[in-house]
Amino acid sequence: MVRLKIVEAVHTALRALGVEEVPSGVTVERPANPDHGDWSTNASLVCAKLLKKNPRELGVELQAELEKADIPHVERLDIAGPGFINFVLSPSWLHDVLLTVVDQGTDNFARPNVGNGLEINLEFVSSNPTGPLHAGGGRWGAFGDSLARILARCGYAPHKEFYINDRGNQTVLFGQSLSARKGGHDVPPNGYEGQYISEWAREMPDTADPVVWGIERSLHEVEQSLSSMHVSFDTWSSEKALVDSGAMESALERLRASGHVYEKDDATWLATSELGDDKDRVLIKADGEPTYMLPDIAYHHDKYNRGDIIIDILGADHHGYVPRMRAALIFMGHEPKEYEAIIGQNVKLIRDGEEVKLSKRAGTMITIDELIEELGPDVTRFAYLIQSIDTTQTIDIDVWKAQASENPVFYVQYAHARIHAIGREASKRSIERKPLDQVELAGLVDPHELDVLRHLLELEEVLVAAARDRAPHRVTTWVRELASAFHTFYNSCPILRSDVDPELQQARLWLVEASRIGLSIGLDLLGVEAPEEM
RNA sequence: GCCCUUGUAGCUCAGUGGAUAGAGCGUCGGUUUCCUAAACCGUGCGUCGCAAGUUCGAUUCUUGCCAAGGGCGCCA
């Protein structure tokens with residue numbers, strides 16, 4: 001890597017100038033502004049104080065020192081601004097990027113092994129199995145699934161998991177609502193009012209247990225909906241099965257053994273406030289029934305069988321739940337680092353200019369199926385992944401529909417389809433791509449050609465950042481930028497036209513292939529189709 | 001009152017301890033004898049919520065304040 005060579009040279013030069021230990025603030029980065037060269041270092045700014053010189057002055061000395069070093073591809077060194085040293089490289093360094101991309105291909109390019117096989121358990125969606133998934137829940141599905149894909153590409157071993165709350169009050173109420181509708185009655189107070197209850201009640205066989213049948217029906221629905229946007233799970237964990245297995249009791253014993261459980265007011269408490277929670281929490285109510293929390297602790301403990309660290313992806317309305325769960329898991333003997341919670345902000349849906357309140361019980365929701373039907377799976381999934389999970393998302397259905405032919409998803413997919421169109425046209429004209437090692441890439445000097453290669457170079461660090469920050473939207477941003485670079489290149493650099501020099505044509509065909517690899521990797525991580533024609 | 005997230009262009013949102021802060025949409029104008037015009041090019045558009053602090057340098061980090069959304073059950 002060119003960067004490493006430059007880092008090395010900078011360190012050597014600094015030592016020659018009397019810097020014994022290079023400060024950690026010294027960086028070698030790609031400047032945002034192309035006028036500032038291909039690589040840039042702030043070394044003289046950081047080290048100036050150390051050597052009691054002014055940065056600009058030191059910069060001149062550093063520049064002189066660096067001139068002596070023989071760094072591959074470097075054509076020129078500039079000193080600029082307050083004392084940055086900018087490295088201007090010949091295009092050949094980017095040609096090396098093309099060779100790497102094509103050589104490694106879709107399977108191996110941009111596959112940084114930062115995870116080292118670390119198993120990460122991701123739990124997401126986990127909606128109550130009492131009805132279809134509403135459109136807001138789709139955000140966690142898209143997020144969790146893409147995060148898993150990104151982690152896997154970065155060398156982690158992710159495990160996707162859905163927790164089924166198939167016992168307790170809500171399921172009882174749900175069963176009662178189904179029975180009531182089947183008998184033609186009103187649902188019980190606080191029951192489920194949604195239209196789907198009546199429809200499902202009609203489907204339900206007379207002999208069926210409404211709770212069991214209803215939960216099955218819901219899960220089937222949710223699985224279908226999510227898989228239509230390419231979201232899948234490795235494990236569906238049943239709360240009921242877990243409780244039946246005795247896991248809840250053994251979790252309670254383990255907590256008791258830790259010495260943080262006590263009895264008060266006829267209830268059993270966990271002293272979570274010892275570890276930063278607002279107050280202690282009840283594990284077993286005065287009536288002898290466990291709260292939601294106890295089986296959930298048992299479940300989280302169980303998840304360590306399927307992950308070195310476990311991550312909950314939760315909606316903002318559950319953020320208060322995190323400190324108590326973390327406390328409980330630490331009492332159970334897990335390390336604080338081994339539990340992570342990602343709090344996603346909510347999705348607001350706008351239709352006809354008005355916000356649609358998403359309530360399953362009141363039945364005022366828009367389901368994920370309806371959204372997918374209106375926008376299509378690719379648009380829906382892309383929309384969920386276009387912005388940071390830390391921000392409240394507003395999806396105006398009418399806007400996304402109206403923009404259907406010119407929205408960011410199609411922009412990216414079109415770039416991919418265009419590449420295949422070029423391939424088809426090339427074979428129609430009997431233009432064949434020669435093996436890469438027989439192709440001279442030196443002709444690729446147009447800024448638009450080089451820009452495509454710069455974006456491809458960045459993919460690896462984008463993935464590392466996306467995995468580290470649990471931020472799939474970085475991939476979305478990157479793939480949009482690559483598509484843009486490709487479209488620009490396509491428009492300004494003819495490829496198949498008869499007046500193009502054959503050698504340059506070959507180089508450009510390989511640049512197109514490298515672009516295809518990048519787009520294909522990006523779209524796959526986002527779970528969006530990469531069409532060959534549109 | 002306490003806790004979490006957010007505040008960047010008319011709108012929806014990216015982005016960054018650094019040198020002139022970006023994209024899409026929307027506005028206005030332009031590009032097709034030749035690889036897909038679902039594209040491209042140009043044009044406008046900003047006190048990066050406010051104020052202090054840390055730093056050679058802050059829109060980015062810290063603190064306070066203001067505003068918006070969410071949460072503070074022996075519900076799940």
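Protein chains get the first letters and strands the later ones, always in sequence-line order, with residue 1 at the start of each.
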A/Phe124 ring center near A/Trp140 ring center (under 6.0 Å):
no
Looking only at heavy atoms, the pair that brings A/Val261 and A/Leu283 closest together is CG2-CD1, 4.4 Å
By nearest-nucleotide position on RNA chain B, the 5'-leaning member of A/Lys285 and A/Phe489 is A/Phe489
- Message: Using a 4.0 Å heavy-atom cut-off, does A/Ala421 contact any base of the nucleic acid, only the sugar-phosphate backbone, or nothing at all?
- Response: base
Checklist entry - If we take the C1' atom in both B/rU47 and B/rU54, what is their distance in whole Å? => result 23 Å
Applying the 3.5 Å cut-off to both distances, the Watson-Crick or G-U partner of B/rG1 turns out to be B/rC72
Re B/rG22: Watson-Crick or G-U wobble partner, both distances kept under 3.5 Å, found to be B/rC13
- Message: Less than 4.0 angstrom from a charged side-chain N to a carboxylate O is my criterion; do A/Arg3 and A/Glu460 meet it?
- Response: no
Describe the nucleic acid contact of A/His36 in one word from base, sugar-phosphate, nothing, applying a heavy-atom distance below 4.0 Å.
base
From CZ of A/Phe486 across to P of B/rC40 the rounded distance in Å is 11 Å
Within residues 446-460 of chain A, the residues having a heavy atom closer than 4.0 Å to RNA chain B are none
Anything under 3.5 Å between a protein N or O and an N or O of nucleotides 56-63 of chain B, put it in a table, one pair a line.
{"unit_1": "B/rC56", "atom_1": "OP1", "unit_2": "A/Lys49", "atom_2": "NZ", "d": "2.4"}

Whole-angstrom distance between B/rC48 and B/rG7, as gauged at atom P: 14 Å
*Contact under 4.0 Å: A/Arg418 side-chain N or O vs B/rA37 OP1/OP2*: yes
Atom CG of A/Asn407 and atom C1' of B/rA39 are separated, to the nearest Å, by 15 Å
Whole-Å distance, A/Leu294 CG to B/rC75 P, equals 14 Å
### Message
Measuring only the C1' atom in each nucleotide, how far is B/rA51 from B/rU59? A whole number of Å is fine.
### Response
15 Å
Out of B/rC40, B/rA14, B/rA19, minimum distance to the side chain of A/Thr477 belongs to B/rA14
- Base, sugar-phosphate alone, or nothing: which one does A/Ala417 contact when heavy atoms must sit under 4.0 Å apart? base
Practice problem: Under 4.0 Å between any heavy atoms, over every strand shown, what does A/Pro323 touch: base, sugar-phosphate, or nothing? Just pick one. | Solution: nothing
- Query: Under 4.0 angstrom, heavy atoms only, what part of the nucleic acid is A/Glu533 near: base, sugar-phosphate, or nothing?
  - Reply: base
Quick check: do A/Gln393 and A/Ile395 have side-chain heavy atoms less than 4.5 Å from each other? yes
Inset, instruction - Would you indicate what A/Cys47 reaches in the nucleic acid, counting non-hydrogen atoms under 4.0 angstrom: base, sugar-phosphate, or nothing? - result: nothing
Could you label the plane-to-plane angle of the A/Phe174 and A/Tyr192 rings as parallel, tilted or perpendicular, counting under 30° as parallel and over 60° as perpendicular? perpendicular
Can you tell me if A/Lys279 touches the phosphate of B/rG73, counting only side-chain N or O atoms and a distance under 4.0 Å to OP1 or OP2? yes
Pairwise C1' distance for B/rC35 and B/rG42, with rounding to whole Å: 24 Å
Q.
Under 4.0 Å, heavy atoms only, any strand: does A/Arg474 hit a base, just the sugar-phosphate, or nothing?
A. sugar-phosphate
note: A/Phe382, atom CZ; B/rA38, atom C1'; distance rounded to Å ~ 14 Å
What nucleic acid atoms does A/Asn33 come within less than 4.0 Å of, heavy atoms only: base, sugar-phosphate, or nothing? base
Worksheet item: Which whole number of Å gives the distance between the C1' atom of B/rC61 and that of B/rG17?
Response: 8 Å
* So, are A/Asp38 and A/Arg454 salt-bridged, with charged N and O less than 4.0 Å apart? -> yes
task: Pick base, sugar-phosphate or nothing for A/Asp499, based on heavy-atom distances below 4.0 Å to the nucleic acid.
output: nothing
Across every strand shown, the nucleotide meeting Watson-Crick or G-U wobble geometry with B/rC65 (both distances under 3.5 Å) is B/rG49
Heavy-atom nearest pair, A/Asp277 first then A/Pro323, reads OD1-CB, 3.9 Å
Of the listed B/rC74, B/rG70, B/rA76, the closest approach to the A/Asn346 side chain comes from B/rG70
Ranking B/rG71, B/rC41, B/rA76 by distance to the side chain of A/Arg324, first place goes to B/rA76
When rounded to whole Å, the CG to C1' distance for the pair A/Asn491 and B/rU31 reads 9 Å
Taken to the nearest whole Å, CG/A/Asn86 to P/B/rA19 is 12 Å
Rounded to whole Å, OH of A/Tyr411 lies from P of B/rA38 at a distance of 13 Å
Query - Inter-nucleotide P distance (B/rC56, B/rU16), Å rounded - result: 24 Å
**Asked** Given the side-chain rings of A/His487 and A/Tyr411, with only the six-membered ring counted for Trp, is the space between their centroids under 6.0 Å?
**Response** yes
key: Nearest-Å distance once atom C1' is located in both B/rG53 and B/rU60   = 15 Å
At less than 4.0 Å, is any side-chain N or O atom of A/His473 found next to OP1 or OP2 of B/rG15? Yes or no. yes
Exercise for review: Tell me yes or no: between the side chains of A/Thr171 and A/Asp166, is some donor less than 3.5 Å from an acceptor?
Suggested key: no
Taken in chain and number order and not counting sequence neighbours, the residues that satisfy salt bridge (charged side-chain N to carboxylate O under 4.0 Å, His left out) with A/Asp312 are A/Lys303
With sequence neighbours left out, the residues meeting side chain to side chain contact (heavy atoms under 4.5 Å, CB included) with A/Glu29 are A/Thr27
A/Arg139 atom CZ is separated from B/rG70 atom C1', nearest whole Å, by 13 Å
key: Parallel, tilted or perpendicular: ring planes of A/His420 versus A/His416, cut at 30 and 60 degrees   = tilted
Check: With the threshold set at 4.0 Å, does a side-chain nitrogen-carboxylate oxygen contact exist between A/Arg470 and A/Glu340?
Finding: yes
Whether each nucleotide of nucleotides 2-13 of chain B has a protein heavy atom under 4.0 Å at its base (B), only at its sugar-phosphate (S) or at neither (-) is summarised, 5' to 3', as -BSSS------S
Sequence neighbours excluded, the answer for side chain to side chain contact (heavy atoms under 4.5 Å, CB included) partners of A/Ile495 is A/Ile422, A/Phe489, A/Arg508, A/Leu509, A/Val512
| message | If we count only N and O atoms by modelled type, under 3.5 Å, do the side chains of A/Ser388 and A/His473 hold a donor and an acceptor together? | response | no
Winner on side-chain proximity to A/Phe84, out of B/rA76, B/rC35, B/rG18, is B/rG18
Exercise. So what does A/Asp265 touch, heavy atoms closer than 4.0 Å: a base, only the sugar-phosphate, or nothing?
Worked result: base
Under-4.0 Å side-chain N/O to phosphate OP1/OP2 contact, A/Ser484 with B/rA23: no
On a heavy-atom basis, the closest approach of A/Arg167 and A/Pro295 is NH1-CG, 3.7 Å
Pairing partner of B/rG29, by Watson-Crick or G-U wobble and under 3.5 Å for both distances, is B/rC41
Considering only the P atoms, how many Å lie between B/rG24 and B/rC41, rounded to the nearest integer?
8 Å
